[in-house]
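To keep things clear, I will list the structure first and then write my remarks on it.
Every number for a ligand or one of its atoms is a count from 1 in the order of the listing. Only this structure's heavy atoms are used, side chains among them; waters, hydrogens and symmetry mates stay out.
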Amino acid sequence: MPQAEHDHLSLLYDIGELAVSMRANPDIPQLLNQVLEKVSEHLKAEVCSIYLYDEASRELVLKATKGLNPDAVEKVRMACGTGLVGATLEGMEPICEGDAPSNPRFKYFEEAREEAFRSFLAVPIQLGEMRIGVMVVEHSEPNYFDAGDVRALRAVATQLAGVLENARLVMNLKGLDGAVARGETLAPGFVKGQAASPGIAYGPAVVFDRSHVRLLEKAGAFAGTEEDFHRAMALTNHQLEKLQERIAERLPESAALIFSAHFMILKDVQFTGRILDLIRGGVPATQAVREVAQHYINLFGASTNAYLQDKVKDIEDLAGRILKNLAGQSWDDQGLYERQVVIAPALYPSEVLKFAAEGVAGIVLTSGGVSSHVSILARSLSLPLIIAGYTGLLSVAQDTPVLMDADLGNVYINPDREIVTRFEVRNQARQTASAHAQTMLPETRTKDGQRVYLRANINLLSELETAVKLKAEGIGLYRTEFPFLIRTAFPSEEDEYKVYRRLCEEMPGGVVTLRTLDIGGDKLPAYWENTGEPNPQLGLRSIRFSLSHLEQFRQQLRAILRAGAATKALRIMFPMIMSMDEFQQVRGIMDDILRALADEGIPHHASPSLGVMIEVPAVVEIIDDLAKAADFLSIGTNDLVQYLLGVDRMNALVAYAYRPEHPAVLRTLKRLSDAARRAAKELSVCGEMANDRDLMPFLLGIGIECLSVDPHHLPGLQRRIGAITSAGARAYAERMLAEPSLEGVHAVMGSDLHPLKNFLKEDAG
Ligand code: PEP
Ligand code: MG
């Protein structure tokens with residue numbers, strides 16, 4: 001059978017479309033049937049079947065078939081290694097037989113009635129190192145399938161792996177009986193969301209709302225004497241100090257600030273005085289704590305000041321701790337949310353930091369976007385985060401076991417043992433994947449030797465160690481705003497200097513790129529009066545904020561220049577620049593500061609490189625001029641996509657329209673790359689696109705050589721780049737640029753032109 005007769009390209013296109021549509025509205029049995037339909041149609045196969053691996057019984061189970069006896073579904077089962085199907089899973093390699101029954105490993109299943117089929121092709125379905133199942137096509141004609149079919153079926157399996165993994169887990173859920181509801185909730189107990197920060201978490205649920213009553217209501221019976229109260233206070237103080245010490249290792253820049261309000265209230269004589277008055281008046285200690293805490297909660301909660309409102313949660317947390325200690329519950333110096341899964345409608349970045357500090361296992365939000373800063377922060381903290389737009393999750397009963405698969409965006413409420421076991425296995429696979437980190441080379445090159453510079457995006461100082469260990473060639477983006485979102489007020493120059501100095505010292509020799517404060521939009525610190533802007537993403541954000549708060553801006557630039565005094569390649573970049581005028585204004589301010597520091601005789605870096613972040617479409621039209629004026633350029637694709645397409649990166653309702661692969665985005669990137677080359681200025685990409693499996697090869701193909709990504713992505717990215725040739729990347733990019741529609745771009749992404757088409761063994765990062 002000549003290969004041309006099998007329409008591989010449109011098969012991949014169809015499957016890609018199917019997988020994408022299933023992600024939005026999953027109906028697993030329908031998906032399996034449609035996949036079988038498409039594959040058998042395109043490969044003209046008489047049989048097409050999908051087997052999924054059941055971890056509990058360690059068997060492959062026939063889950064759907066077209067061509068075999070439909071009664072065999074769920075009945076045909078085989079151990080890994082048994083028969084040709086089992087051998088495919090065991091070896092994790094395709095098996096293509098021109099005359100299957102003559103192969104000694106062939107196993108005949110009476111229920112399936114497959115003896116009439118001679119040609120047999122099976123490919124493993126895998127997600128990273130993990131076995132998911134096997135996909136099989138058969139035909140009665142001998143030697144029917146060829147190498148092209150193997151490649152096509154492999155690509156189909158890759159595209160479907162994530163969706164099929166969901167299928168497998170959902171079908172395993174007890175009591176489901178294959179009936180799967182449409183919509184976000186696949187079934188009671190399973191909710192499909194978006195993966196915002198990878199990882200796996202399993203723990204009791206705690207629904208975090210701002211009604212501030214649950215914890216206080218939960219506290220035990222009315223009891224306790226004055227002595228009990230003093231003991232509980234001392235214990236609470238001790239626990240908080242221990243907790244703070246522990247957090248200092250993870251969040252050195254803000255550890256001391258996380259519980260500052262707790263300590264303040266704990267030591268407040270009015271707070272303790274009021275409680276003691278009540279106790280001395282005959283009120284049991286627990287009731288006294290509850291009453292006084294409630295009084296402050298009401299008082300602060302009624303304030304219109306965002307900062308004071310934010311403190312309500314701190315009072316509630318603190319009161320909860322005291323009450324727990326009064327009740328004599330043993331919990332050492334654990335965080336209040338230790339190993340729990342927090343479900344919340346939305347969170348501030350400062351709240352995410354607090355949860356991380358309190359040892360939370362994972363977070364599920366019912367609103368937001370994966371490229372929002374809360375998601376970015378969660379990734380920096382290695383804290384699993386899922387955004388599931390299903391508000392029903394907020395009604396999950398307290399302490400219900402919840403399993404989060406934040407690699408795929410799945411939330412399992414009350415999962416059974418089988419599912420939990422499966423995730424334990426999966427966790428081991430992740431650890432194997434992280435062993436790849438050892439293989440990281442100091443330089444990154446394409447298969448044909450083209451040099452690519454990989455740098456790290458740093459949000460928290462704790463990530464520096466990973467970046468250095470993984471041989472990042474410097475810092476491509478340091479988001480200066482993150483450490484300060486937790487603070488109670490704007491930091492002083494000295495506070496800023498200390499943080500930046502650590503950054504510069506710990507990345508010796510490499511490029512260090514600090515981005516000035518990108519506050520506003522979805523990143524509002526609690527101490528900043530929320531002005532209620534109607535469109536915060538289009539409002540007083542980023543450089544606009546800095547230029548309208550010049551004192552803070554100057555202070556930050558001084559702190560950076562002082563901290564980088566000994567740094568060879570100190571670079572400062574400015575977010576959301578929209579005009580030459582704005583950039584020239586920034587340069588002017590910088591010149592003034594450099595003069596002032598020199599006059600004051602303060603050691604500082606005298607000639608930092610100044611860069612523009614390309615995030616606003618307006619600069620594309622003036623890019624040649626801007627490229628001449630700037631020392632370097634960096635594309636913030638997260639925002640550029642948002643503004644180019646007019647799609648809020650935070651809004652789950654329009655997440656489907658947030659498409660980095662939109663032809664307008666691709667063509668814009670090409671124009672930017674050409675302009676940078678004409679001006680001989682470095683151009684990097686520091687948005688999420690730099691690590692996108694389908695779009696990174698495009699970036700290389702249009703001549704971008706510097707990528708900056710979250711540190712833990714570095715090994716995977718290096719390996720993928722090593723599998724690409726420059727010519728392959730160029731051809732891929734050219735084809736993509738020729739496509740005017742998303743549909744066309746998707747077809748190229750699913751085609752043989754994709755430089756990573758056969759690159760299956762992705763690591764978890
Ligand atoms: C971007 O917009 O791509 C970017 C890197 O900046 P941030 O995500 O912090 O807005
Ligand atoms: Mg940005």
Below 4.0 Å, non-hydrogen atoms only: which portion of Ile635 touches ligand 1? Side chain, backbone, both or neither.
neither

Ion pair check, Glu621 and Arg671, cut-off under 4.0 Å:
yes

With side-chain contact (heavy atoms from CB on, under 4.5 Å) as the test, pick out the partner of Met696 among Val685, Ile704, Leu707.
Leu707

With heavy-atom distances below 4.0 Å as the criterion, list the atoms of ligand 1 near Met613.
4 (C), 5 (C), 6 (O)

Can a non-hydrogen atom of Arg515 be found less than 4.0 Å from any atom of ligand 1?
yes

Below 2.8 Å of the Mg ion (ligand 2), tally up the protein N/O/S atoms for me.
2

Is there a side-chain hydrogen bond (donor to acceptor under 3.5 Å, both in side chains) between Ser548 and Arg544 once you walk through the steps?
CA-CA 6 Å; Ser548 56; Arg544 299 173 189 172; over 6 Å; no

Heavy-atom distances under 4.0 Å are what count here, so tell me which part of Asn457 touches ligand 1: side chain, backbone, both or neither.
neither

Please say which of Gln556, Glu551, Gln552 ends up in a side-chain hydrogen bond (donor to acceptor under 3.5 Å, both in side chains) with Arg554.
Glu551

Is the number of heavy atoms from other residues, nucleotides or ligands within 6.0 Å of CD (Glu465) greater than 12?
no

Mark yes or no: Arg451 above the aromatic ring of Tyr453, with NZ or CZ under 6.0 Å from the six-membered ring centre and no more than 45 degrees from the axis.
yes

Tell me yes or no: between the side chains of Tyr500 and Glu496, is some donor less than 3.5 Å from an acceptor?
yes

Side chain, backbone, both or neither: which part of Leu640 has a heavy atom under 4.0 Å from ligand 1?
neither

Taking only heavy atoms of Asp639, which atoms of ligand 1 are found under 4.0 Å from at least one of them?
1 (C), 2 (O), 3 (O), 10 (O)

With heavy atoms under 4.0 Å as the rule, classify the contact between Arg649 and ligand 1 as side chain, backbone, both or neither.
side chain

Tell me whether Glu481 has any N or O atom under 3.5 angstrom from an N or O of ligand 1.
no

Near Arg479 (heavy-atom distance under 4.0 Å), the atoms of ligand 1 are 4 (C), 5 (C), 6 (O), 7 (P), 8 (O), 9 (O)

Which atoms from ligand 1 have a heavy atom of Gly687 less than 4.0 Å away?
3 (O)

Heavy-atom nearest option to atom 4 (C) of ligand 1, drawn from Arg541, Glu615, Met689
Glu615

Which atoms of ligand 1 sit under 4.0 Å from any heavy atom of Leu477?
5 (C)

What orientation do Tyr732 and His754 show, parallel under 30°, tilted 30 to 60°, or perpendicular over 60°?
tilted

Numbered atoms and elements of ligand 1 in range of Ile376, under 4.0 angstrom, heavy atoms
8 (O)

For Lys681, what residues pass the salt bridge (charged side-chain N to carboxylate O under 4.0 Å, His left out) criterion, not counting sequence neighbours?
none

Donor on one side chain, acceptor on other, Arg571 and Ser609, under 3.5 Å:
no

Using only heavy-atom distances, determine whether the side chains of Asp639 and Gln642 contain a donor-acceptor pair under 3.5 Å.
yes

Should the pair Arg735-Glu739 be classified as a salt bridge under the 4.0 Å nitrogen-to-oxygen rule?
yes

